[in-house]
Amino acid sequence: QTSSLVDEAWQLFAAGMQSRPDSATAHGLEHLFRECGLDNTRRLLLKFLHRRADWWAFTRGQKDLVDYALARLRDDMLIAPDADVAGRLIGDTVFAAELSDYAALLARNTQTDRSHARQLADETGDAAQRLKRIFPVVLTKEGAPRSRKASDAQAGRLGADAEARLLELHARLGARLMEARAHLADQASYRFNEAALRCAVALLEAYQHAKAERQVIDYADIEWHAWALVSVSDHAEYMHCKLDARYRHILLDEFQDTNPLQWLTLERWL
């Protein structure tokens, strides 16, 4: 009966989002829909639902589960989630000067480079839009610096010193832009996880509510309660002693037939 309970939980979850459209969770759901679409969002949240024992173990003892998980994510980030990556880079005087020199050299090179120079000279829009135009000039779609090497033809167009300067600037700008791209990816990942976790926890609460009304538990609940019993409960040491004395191992099996019951099989020492 798990599938029907999941469907009921999804309806409860959706109703909660409709009744609170301005909540952080509702905005998070909108973010997931934009990034993933409806089907992938549902698949993502249901995957979390079925792995909830891992989530409970990870956040055990914490008051605000989502904030705790997000704090752990922030600890591993090299940039703050709300830092203005584009504004800092575009506003950096050294970067701006080097970008201007780079564009001037490109304007003296091939037809493609002249087109790139005009793209770099476009200062319309905000810092994020400008940075978005700069990325493809210096970096590939995968985020690595574009290949740019010395050649006799290029040296003939620019001169040896200018060519060396162009290659130097390409490497320096490439390194700065790769770092900015990585920071932006970190921030995007953080926002995605923030949205997903808020929605997943809300869906999990709806699922637990649906089961509580019917006074049922499922396989993941058995896993969690068994782990808690032998790991963190007041009787954990006693349970370990009893299990060591009487049982070789515990087998949890879930039958997928007409019988809705779940069985706990204990293989005892003979």
His31 vs Glu194, side chain to side chain contact (heavy atoms under 4.5 Å, CB included): CA-CA, chis, key distance, verdict: CA-CA 10 Å; His31 180 80; Glu194 181 180 25; over 6 Å; no

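- In this structure the side chain of Gln154 reaches within 4.5 angstrom of the side chain of Arg148, judged on heavy atoms.
- Side-chain contact of His209 with Glu213: a donor-acceptor pair under 3.5 Å is present, judged by distance alone.
- Counting heavy atoms from C-beta outward, Trp56 and Glu223 have side chains that stay 4.5 Å or more apart.
- Phe135 and Leu99 end up in the same hydrophobic cluster when Ile, Leu, Val, Met, Phe, Trp and Tyr side chains are linked at under 4.5 Å.
- Distance check, rounded to the nearest 0.5 Å: CG of Asp186 to CZ of Arg191 gives 10.5 Å.
- For the pair Asp218 and Leu5, the minimum side-chain heavy-atom distance is 4.5 Å or more.
- Hydrophobic clustering keeps Leu167 apart from Val138 (ILVMFWY residues linked when any side-chain heavy atoms are closer than 4.5 Å, directly or through intermediates).
- Contact annotation: the side chain of Ile90 approaches that of Ile134 to within less than 4.5 Å [non-hydrogen atoms, C-beta and beyond].
- The minimum heavy-atom distance linking Ala107 with Ala117 is given by the pair N-CB, 3.7 Å.
- Taking 4.5 Å as the limit, every side-chain heavy atom of Leu38 sits out of range of all side-chain heavy atoms of Thr41.
- Here the shortest heavy-atom pairing between Arg20 and Ser23 reads O-OG, 2.9 Å.
- Salt-bridge annotation for Glu8 and Arg214: present, with a side-chain N of the basic residue lying under 4.0 Å from a carboxylate O of the acidic one.
- Using a 4.0 Å cut-off between charged nitrogen and carboxylate oxygen, Arg198 and Asp67 count as a salt-bridge pair.
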Test side chain to side chain contact (heavy atoms under 4.5 Å, CB included) applied to Leu166 and Leu106, step by step: CA-CA 8 Å; Leu166 175 65; Leu106 291 180; 4.0 Å; yes

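- Counting non-hydrogen atoms of neighbouring residues, nucleotides and ligands closer than 6.0 angstrom, the CG atom of Asp161 reaches no more than 12 such neighbours.
- Separation of atoms CG (Leu184) and CG (Leu177) is listed at 10.0 Å; rounding is to 0.5 Å.
- Salt bridge Arg157/Asp113: absent, no basic N to carboxylate O contact under 4.0 Å.
- Residues Leu46 and Leu203 meet the side-chain proximity criterion, which asks for heavy atoms closer than 4.5 Å.
- Between the Arg114 side chain and the Asn109 main chain, a donor and an acceptor come within less than 3.5 Å of each other.
- Across all their heavy atoms, Ala220 and Ala53 have their closest contact at O-CB, 4.4 Å.
- Interatomic distance, CZ of Phe33 versus CG of Asp39, reported as 10.0 Å (0.5 Å rounding).
- Looking at Gln129 and Lys132, their side chains never bring a donor and an acceptor atom within 3.5 Å of each other.
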Verify side chain to side chain contact (heavy atoms under 4.5 Å, CB included) between Trp55 and Val201, making sure each step is shown before the conclusion. CA-CA 9 Å; Trp55 169 251; Val201 168; 3.7 Å; yes

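- When side chains are defined from C-beta on, Trp10 counts as touching Leu45, because their heavy atoms get closer than 4.5 Å.
- Between the CG atom of Leu204 and the CZ atom of Arg51 there is a distance of 14.0 Å, given to the nearest 0.5 Å.
- Evaluated for a side-chain hydrogen bond (donor to acceptor under 3.5 Å, both in side chains) with Tyr102, the options Arg165, His170, His116 yield exactly one hit, His170.
- Under a 3.5 Å cut-off, the side chain of Glu98 and the backbone N or O of Leu173 do not form any donor-acceptor pair.
- Around atom CG of Asp75, more than 12 heavy atoms belonging to other residues, nucleotides or ligands sit under 6.0 Å away.
- Between Gln119 and Pro136 the shortest heavy-atom distance is NE2-CG, 3.7 Å.
- Note: Met178 CE to Thr140 OG1 = 8.5 Å, rounded to the nearest 0.5 Å.
- With Arg133 contributing its side chain and Thr124 its backbone, the two residues share a donor-acceptor pair below 3.5 Å.
- With a 4.5 Å cut-off on side-chain heavy atoms, Gln11 and Asp7 do not count as touching.
- Judged by distance alone, the side chain of Glu163 and the main-chain N or O of Ser151 form a donor-acceptor pair under 3.5 Å.
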Evaluate the ring-ring contact (aromatic ring centres under 6.0 Å, His included) criterion for residues Phe58 and Tyr68: first the C-alpha distance (whole Å), next the side-chain angles of each, then the deciding distance (0.1 Å), finally the verdict. CA-CA 10 Å; Phe58 175 64; Tyr68 170 73; 5.4 Å; yes

Can you list the steps and then say if Asn40 with Glu35 is a side chain to side chain contact (heavy atoms under 4.5 Å, CB included)? CA-CA 9 Å; Asn40 287 332; Glu35 294 292 320; over 6 Å; no

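- With hydrogens and angles disregarded, no donor-acceptor distance shorter than 3.5 Å links the side chain of Asp92 to the backbone of Arg88.
- Residues Phe13 and Cys199 share a closest heavy-atom pair of CE1-O, 3.5 Å.
- Atom CG of residue Leu49 and atom NZ of residue Lys47 lie 13.0 Å apart, to the nearest 0.5 angstrom.
- Nearest heavy-atom pair, Arg181 versus Leu139, reported as atom, atom and distance to 0.1 Å: CD-CD1, 4.0 Å.
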